[in-house]
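One structure is given below, encoded as structure tokens.
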Protein chains: 2
Amino acid sequence: MSASTETGREPGRARVDRWRTSAEVLAEVRRTPGLTRVELARRLALSSASVTETVTRLRGTGWLCEHRAPVQGRGRPTTSLDPAPDGPRVVAVDLRHEDWRVGLAGLDGEVTGVVGARHDRDPARVTTALRDAVATVAGGHRAVAVGLAAPAPVSADGLVRATELAWEAVDLGSVTACLGPGPVPLRVGNDATLAGVAEARTGAAAGAATAVYLTVEVGLGGTLLLDGLPHLGAHGAAGEYGHLPFGDPAQRCACGATGCWGPEVDGRGLARRLGDPVPDDPRSYAGDVLARAAGGDAAAADAVGVAAAALARGIAGVVHVHDPDVVVLGGLARGLRAAPGFDDAYVGALMAFRRDHPVPVLDAVHGDAGALHGAAALALDHATSPEGLAERSGE
Amino acid sequence: MSASTETGREPGRARVDRWRTSAEVLAEVRRTPGLTRVELARRLALSSASVTETVTRLRGTGWLCEHRAPVQGRGRPTTSLDPAPDGPRVVAVDLRHEDWRVGLAGLDGEVTGVVGARHDRDPARVTTALRDAVATVAGGHRAVAVGLAAPAPVSADGLVRATELAWEAVDLGSVTACLGPGPVPLRVGNDATLAGVAEARTGAAAGAATAVYLTVEVGLGGTLLLDGLPHLGAHGAAGEYGHLPFGDPAQRCACGATGCWGPEVDGRGLARRLGDPVPDDPRSYAGDVLARAAGGDAAAADAVGVAAAALARGIAGVVHVHDPDVVVLGGLARGLRAAPGFDDAYVGALMAFRRDHPVPVLDAVHGDAGALHGAAALALDHATSPEGLAERSGE
DNA sequence: CGATTATGCTCGGGAAGCGAGTTTATTCAA
DNA sequence: TTGAATAAACTCGCTTCCCGAGCATAATCG
């Protein structure tokens, strides 16, 4: 997750600083659409004079619009601030192993006009297809940034190294080429990370200062979200929760370590418990087992119960380390949470002082649109930052 | 770790904002004492005119002083910026189970004039003794904040609940009573957390954007440090690394959970492995075993090796989750790291892609002064923040 | 319909930061 | 020794943010 543009012009502090309050206002409106001017002034400790000035500017640049707020009691009615329906847009891209989706979002983060297609994994052809789709989706609107979710680790320079696609350091910078005028910034993030971002902004963890997002697909991954921002680590490799050694030390993981948590709770773990060979597609295998367990298959239910308990026990450990406001589960983890025994295993694995008020473990609400929503949020973060606003202020 | 004062006066944005650049300058000088004006202007993207103005102000308030910088080549020589030797001070307090220490620090963070005494754990008497010691240590200097390290969880309101001291929600606010003029803010933090802060600022993790500090005393605790700031979690309870279930699930931990990592790597784990009863003082028991192992006692060495391997394996897991720049070890963990087999166990437990460049695991450099240094850093953080500077700007 | 109340707008002023031009302090070369 | 070259700091006028105070506005209440 990183910027692909770098502004190098020197003194520049005032040029960016000018937009700091505007950026805070936009962030507040994103967090709470329909906010009143009075409430905004209170939250940002601004005088009404300053609110007038800043809101006027943001209406002028097209970001905000105002509505009469419903009257409550005496006094002059205040107005509420909302994302302008015809304001600047960002393009969100979700690149997956076999297909991609592209959509358009405004300040409210709603992704609309989604188009998609399958792809053949050839970097050049995928890049071209995405560039065209981005241009089409943006058509007519003022697109000010692009966010992209990639099914792979993303290094600090924004390059994508997708081993499963056999991509080595692919630079996706050109997908913004048909936008403009002027260069349009691209921000790239990992798909699981961005799904976590989506949950932390508008999903099950909305408003949480500290949230943990965990998802089970093939293996287990996740993100620590601090005030809605993912912790990426020194090299962008943070969040490998699936390789915490919570499991059986005798089991060797494909990652090279032993006793990893991930392979105990995904399709491979279920297969081992059921005596099946390692499945080719652990994702759909696990879906089948969950369905059989729900349908009354005792052996499947037993295997699911073991995996659910392993998931629950590990989540407790993660809670001890992060002390989050909430843990959000995506992918197959939702099915495991629904298994009988999960809650008891979770509470039982918590430290005693936590058991009266266990940290809630909730299902993700964005489903498989999480990465796309997170990509939109990432692009909006840039576009509404002081730097992003300053970049475009000349227009 | 939290503020004990709360400024509630409303609009106030400009009043605080005025000091934002000054705060950034002070932060830069703390990070890099002896910084030149030119380098400062470059880092903060300030014009030389603005540097002149800000530095003049900070010299006026006594925080900074300037020296001729050594000349390099042609041109007018620049000056270097340093903490003023007679500038504002903060008081650092380290409250431990059986004694306390109080010292004085300037902008450079060096703690001097340390005094200390044993105490009897009575909250009222300890508070009084600390109040007097703080006044004595500060005597004559302009003390602008107090930082305190407590051997207990610290809740968001700054109250200390030290179960081992039988303290329930003790308010230490009065230790600043003899300072002044005006109320002097007190910031309170957990001792292990603050030891981590000290390492992240001026210790083995200096400059790291992401660092993990782990310490073994009785059990295992730690902190995730992001840009030198500890992640405290939703309720200030983050960092219970010792209760990650890396251990034997058949072992019940005193915390109520099973298989906790902490009891496997401390004195209790060593005793179990050696067939000894649970020691009354696991800390000194572990010290003895480490000494015996170093002296050639095979049984002790074996037990130490097992604990060191358990520590190493868990650290690898923590690395997978946080992807830190560095892991820093304090307390008994340093002795375990020195045991033969630690490095092999660590690298072997890493994911394969990490083994070529394993995240360094280093010893803490602050020793048992870490908490005191961290407390000074905490107080300086407040005093040099825009809010802290604005608070005192009337004087 | 006026009193009351809460809010938004206008205007002058304080302060941060900047750009451009000027001054200052040093090295280097004749 | 002296002056050119160089790099940095200072001065000054300007722009912009934010503020406070006062005025204008739009609702409810009696």
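All values reported here derive from a predicted model rather than from experimental measurement. What's counted below: heavy atoms across the whole structure, side chains too, no hydrogens, waters or symmetry copies.
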Which one, C:dT26, D:dC18, C:dG8, comes nearest to the side chain of B:Pro77? C:dT26
Closest nucleotide among C:dC18, D:dA8, D:dC19 to the A:Arg13 side chain: C:dC18
Sequence neighbours left out, what passes side chain to side chain donor-acceptor pair (under 3.5 Å) with B:Thr32? Give chain and number order. B:Arg43
A:Arg37 versus A:Thr52, side-chain donor and acceptor atoms under 3.5 Å: yes
Please state how far atom CD in B:Glu39 lies from atom C1' in D:dA7, giving the value in whole angstrom units. 15 Å
To the nearest Å, give me how far apart CD (A:Glu24) and C1' (D:dC18) are. 13 Å
Spatial distance of atom OG1 (A:Thr21) from atom CG (B:Asp17) [nearest 0.5 Å]: 6.5 Å
Could you tell me which residues satisfy salt bridge (charged side-chain N to carboxylate O under 4.0 Å, His left out) with A:Glu110, sequence neighbours excluded, listed by chain and number? none
Expected rows: protein N/O vs nucleotides 1-3 of chain C N/O, under 3.5 Å:
none

Sort out for me which residue in A:Asp381, A:Asp108, A:Asp82 forms a salt bridge (charged side-chain N to carboxylate O under 4.0 Å, His left out) with A:Arg30. A:Asp381
Between P of D:dA9 and CG of B:Leu40, the distance in whole Å: 10 Å
Without decimals, in angstroms, what is the distance between A:Leu389 CG and D:dC17 C1'? 15 Å
Does the cation-pi check pass for B:Arg57 over B:Trp19, that is, NZ or CZ under 6.0 Å from the six-membered ring centre and within 45° of its axis? yes
Check whether any side-chain nitrogen or oxygen of B:Arg37 sits under 4.0 Å from OP1 or OP2 of D:dA8, and answer yes or no. no
Mind calculating the distance between CG (A:Leu44) and P (D:dC17) to the nearest angstrom? 15 Å
With B:Thr202, which residues qualify under side chain to side chain donor-acceptor pair (under 3.5 Å), at least two apart? B:His366
Is A:Ser50 near enough to D:dC19 that one of its side-chain N or O atoms lies under 4.0 angstrom from OP1 or OP2? yes
Minimum heavy-atom separation for A:Asp325 to A:Ala209, with atom names? OD2-N, 3.2 Å
What is the distance, rounded to the nearest whole Å, between atom CG of B:Leu46 and atom P of C:dA15? 19 Å
Output the single nucleotide from C:dT24, D:dC18, C:dT7 whose closest atom is nearest the side chain of B:Arg76. C:dT24
Under 4.0 Å protein heavy-atom contact, by nucleotide of nucleotides 11-16 of chain D - B base, S sugar-phosphate only: B----S
A:Ser48 meets the side chain to side chain donor-acceptor pair (under 3.5 Å) criterion, sequence neighbours left out, with none
Upstream residue (5' side of DNA chain D) when A:Arg68 and B:Thr56 are each assigned their closest nucleotide: B:Thr56
B:Leu81 CG to D:dA9 C1', in whole Å, measures 13 Å
Taking atom C1' of C:dC18 as reference, at what distance in whole Å does atom CZ of B:Arg42 sit? 19 Å
Interatomic distance, A:Ser47 atom OG to A:Glu53 atom CD [nearest 0.5 angstrom]: 9.0 Å
Answer yes or no: does a side-chain N or O of A:Thr79 lie under 4.0 Å from OP1 or OP2 of C:dT7? no
